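First up is the structure itself, then whatever we jot down about it.
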Amino acid sequence: MSKESWNLRYRASDYVYGKEPNAFLKEMLPSLEPQTALFACEGEGRNSVFAAQLGWEVTAFDQSEAGKVKAEELAREKGVSIDYQLSSVDELALPGETFDLLVLIYVHFPREVRRAYYQELLSYLKPGGKLIVEGFASGHENYQATHANIGGPRDSSMFLSAADAGEDFPGMNFTYLKEQEVELSEGLGHLGNGWVLRIEGVKK
């Protein structure tokens, strides 16, 4: 989707994907020592704000101005602060190997830039840093056909797969790597059963 399309979506009064964090992130994050974290394509801020509530020093980015407005409103509501930058992946200008954690929750890219963008994002992660990913996986199109509100890209080439994870995210030791069915209840944007890939990894 274009920047304009995301702005239109996020201008809705409700939070499209809700205010609660992604369930996989909510499960994984409390066991980690709070340090520095980068949240990519963060939209309305539900995940980065959750991390800030746990004591993480959070940087987030997205190209959507409307998403930033709602993320900063949510941070104020929860009594925390986040550094939210307006940027696309290819315009992001952060020092390399800066962050202890990189979080990609439903961060999907077109096939022609997908691996380059994921590898660009990995360049901001310190050696020994953690990666947490949840995204729709190949086969999710079957769920889209029967669950009208489940969401996800309509271009199946943007889906992730466990088989491709080593090429999408090179230089990682995967401690968790699994495709699975999950029931999503994330606002009205992700509602119903879907097929996802979940990843936890450590950068070599």
Side-chain angles (χ1 to χ4, degrees), residues 1-29 39-51 53 60-75 77-78 82 84 86 88-89 103-111 113-114 117-118 121 132-165 168 176-200:
M1 287 173 56
S2 67
K3 174 181 177 178
E4 292 73 22
S5 296
W6 285 115
N7 273 329
L8 181 63
R9 177 171 293 190
Y10 291 148
R11 286 191 189 110
S13 57
D14 292 336
Y15 280 69
V16 178
Y17 301 105
K19 293 183 177 181
E20 295 301 311
N22 169 262
F24 183 56
L25 181 70
K26 188 175 182 179
E27 175 186 343
M28 304 302 287
L29 202 54
F39 286 74
C41 305
E42 174 56 1
E44 300 163 301
R46 62 194 177 103
N47 296 308
S48 57
V49 168
F50 171 68
Q53 289 179 278
F61 77 91
D62 198 287
Q63 61 182 334
S64 168
E65 294 91 349
K68 178 180 180 179
V69 168
K70 290 173 84 172
E72 292 178 340
E73 287 177 353
L74 183 59
E77 178 183 312
K78 300 297 185 180
I82 57 175
Y84 194 115
L86 283 175
S88 59
V89 174
V103 179
L104 308 177
I105 302 296
Y106 297 105
V107 178
H108 296 277
F109 300 117
R111 176 184 292 275
V113 297
R114 188 178 86 187
Y117 279 10
Y118 286 143
L121 292 171
I132 294 176
V133 177
E134 180 170 299
F136 292 116
S138 298
H140 179 66
E141 60 270 23
N142 299 321
Y143 291 80
Q144 290 174 314
T146 55
H147 295 77
N149 295 320
I150 189 57
R154 293 297 167 176
D155 178 358
S156 61
S157 72
M158 298 172 69
F159 293 145
L160 300 169
S161 76
D164 290 340
D168 283 340
Y176 189 94
L177 178 66
K178 185 178 181 182
E179 291 186 29
Q180 61 192 94
E181 182 182 271
V182 297
E183 182 178 357
L184 295 174
S185 181
E186 300 182 332
L188 296 177
H190 289 161
L191 191 60
N193 289 347
W195 189 253
V196 306
L197 175 66
R198 288 176 165 177
I199 297 173
E200 184 187 47

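This is a predicted model, so every value here is computed, not measured.
Residue L86 qualifies as enclosed at atom CG: its count of foreign heavy atoms under 6.0 Å is above 12.
Remark: R114 engages D164, D168 in a salt bridge (Lys or Arg N to Asp or Glu O under 4.0 Å) (not counting sequence neighbours). By the side chain to side chain donor-acceptor pair (under 3.5 Å) test, N193 pairs with no residue at all, sequence neighbours left out. Judged as a ring-ring contact (aromatic ring centres under 6.0 Å, His included), and not counting sequence neighbours, F61 has no contacts. Every residue two or more places apart in sequence or in another chain that forms a ring-ring contact (aromatic ring centres under 6.0 Å, His included) with W6 is listed here: Y10. With sequence neighbours left out, the side chain to side chain donor-acceptor pair (under 3.5 Å) criterion links S5 to S2. Partners of H190 under the side chain to side chain donor-acceptor pair (under 3.5 Å) rule, at least two apart in sequence or in another chain, are E186. Taking the side chain to side chain donor-acceptor pair (under 3.5 Å) definition, one finds that Y15 meets it with nothing, sequence neighbours left out. For the side chain to side chain contact (heavy atoms under 4.5 Å, CB included) test, residues two or more places apart in sequence or in another chain that qualify with A162 are L177, E179, L197.
A salt bridge (Lys or Arg N to Asp or Glu O under 4.0 Å) check over residues 14-27, counting only residues at least two apart or in different chains, returns the pairs K19-E77. Sorted by first and then second residue, the pairs that involve residues 143-157 and meet side-chain hydrogen bond (donor to acceptor under 3.5 Å, both in side chains), not counting sequence neighbours, are Y143-E181, D155-S157. Each salt bridge (Lys or Arg N to Asp or Glu O under 4.0 Å) pair with one or both residues in residues 187-198, not counting sequence neighbours, appears once here: E134-R198. Judged as a side-chain hydrogen bond (donor to acceptor under 3.5 Å, both in side chains), the pairs with a partner in residues 60-75 (not counting sequence neighbours) are, in order, K3-E65, N7-S64, N7-E65, E44-K70.
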Inset, instruction - Kindly indicate, with the supporting measurements, whether the criterion side-chain contact (heavy atoms from CB on, under 4.5 Å) is fulfilled by I132 and Y176. - result: CA-CA 9 Å; I132 294 176; Y176 189 94; over 6 Å; no
Inset, instruction - Take F39 and I82 through the test side-chain contact (heavy atoms from CB on, under 4.5 Å) and record every step on the way to the result. - result: CA-CA 10 Å; F39 286 74; I82 57 175; over 6 Å; no
Inset, instruction - For L160 and S138, run side-chain contact (heavy atoms from CB on, under 4.5 Å): C-alpha distance rounded to whole Å, both residues' side-chain angles, the deciding distance at 0.1 Å, then the answer. - result: CA-CA 6 Å; L160 300 169; S138 298; over 6 Å; no
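Y84 contributes atom OH, which lies 11.0 Å from atom CG of L74 (distance to the nearest 0.5 angstrom). With rounding to the nearest 0.5 Å, the separation of CG in L104 from OH in Y117 is 14.0 Å. Rounded to the nearest 0.5 angstrom, L25 CG and N47 CG are separated by 5.0 Å. Considering OH of Y118 and NE2 of H108, their distance stands at 6.0 Å, rounded to 0.5 Å.
A donor-acceptor distance shorter than 3.5 angstrom exists from the side chain of H140 to the backbone of G151, with no hydrogens or angles considered. Distance alone, capped at 3.5 Å, is enough to place a donor-acceptor pair between the E141 side chain and the G139 backbone.
When every heavy atom of I199 is checked against every heavy atom of F24, the shortest pair comes out as O-CE2, 3.5 Å. Smallest separation of non-hydrogen atoms from G43 and A71: O-CB, 4.0 Å.
Ring geometry for F159 against F136 counts as perpendicular: the plane angle is over 60°, on a 0 to 90° scale with 30° as the lower cut.
Residues Y17 and I105 form no side-chain contact, since every pair of their non-hydrogen atoms from C-beta on lies 4.5 Å or further apart.
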